[in-house]
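If you're wondering where the values come from, they're calculated on a predicted model, not measured in any experiment.
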Amino acid sequence: MQSYHSHPLNRIFLGLTILVAMINLWLIYQVAPLVVDQEMAQKIFYYHVPLAWNAFLAFGLVAVTAALYLVKNDPKWDIWSLAGAEVGVLFAALILVTGPIWATPIWGKPWSWEPRLTTTLVLFLIFLGYFMVREFGGPYERSSRYAAVIGLLAVIDIPLILLAVKWWTPEVQSHPQMEMGNQPSAVLYVFFFSLFSFTLILIHMIRYRWHVRRLVHSNLMEQEGGSHV
């Protein structure tokens, strides 16, 4: 089967993604203004928030394709679901890394068991369980369907993460309610460009992982005598 980057359109998309990412770095460190009370620590904002939104997009893809797989029993949807889960978990791990880096100079400590952080960690742990089920859940047909159910149930946690700052009282929270409309225009321009950059990265990574996982699935089906995608 043809390698992913042997296709001209995939190479073009990769080149565009790298170019946009490099421009994004320049905008973050040369154009984005410093926030007086946060200084350089605030630069993490341009990574942390786009990572979060794109992780949720990846997990949303997991849920949609998992539902399609359970209904249609077509392995192609399961492969999309797995690709989305792999990239989503990577982005979620980066959220849990960049968050404490940003929090340390602002809160005075890297971690607080407040609602948004805790629910984000729970989502990450659920998807670690998702991969364990896939690895140790038995034959492909059974483990993939168990994983699909977990992927569907896991997205229930996403609204809890997004609305945590509104649903819990201020006394138990460290995250402020951020109003993007109140941000300076220079901050907004760089933020939305960063969001675009990370979305391109997300799309490229999911498409690449789908290609790889399709090859793995084909080999697995040959061994088990099942159907190919």
V62 vs F127 side-chain heavy atoms within contact, under 4.5 Å: yes
Worked check of side-chain contact (heavy atoms from CB on, under 4.5 Å) between L70 and V149: CA-CA 8 Å; L70 290 171; V149 173; 4.2 Å; yes
Side-chain donor-acceptor contact under 3.5 Å, Y69 with S81: no
Exam field: side chain T199 to backbone L195, donor-acceptor pair closer than 3.5 Å: yes
Pairs satisfying side chain to side chain donor-acceptor pair (under 3.5 Å), at least one member in residues 10-19, at least two apart: N10-R207
Intermediate values then yes/no, side-chain contact (heavy atoms from CB on, under 4.5 Å), N73 and R145: CA-CA 9 Å; N73 199 31; R145 295 187 75 83; 3.2 Å; yes
Test item: side-chain donor near acceptor, R134 and Y130, under 3.5 Å: yes
Check against side-chain contact (heavy atoms from CB on, under 4.5 Å), F13 and I203: CA-CA 10 Å; F13 187 68; I203 294 170; 3.8 Å; yes
Single-linkage hydrophobic cluster, 4.5 Å side-chain cutoff, L14 and L90 together: no
D74 side chain reached by L68 side chain, heavy atoms, under 4.5 Å: no
Non-neighbouring partners of W53 that pass ring pair (Phe, Tyr, Trp, His ring centres under 6.0 Å), sequence neighbours left out: none
Separation between CE of M22 and CG of L19, rounded to the nearest 0.5 Å: 7.5 Å
No-hydrogen, no-angle side-chain donor-acceptor test under 3.5 Å, N24 and S194: yes
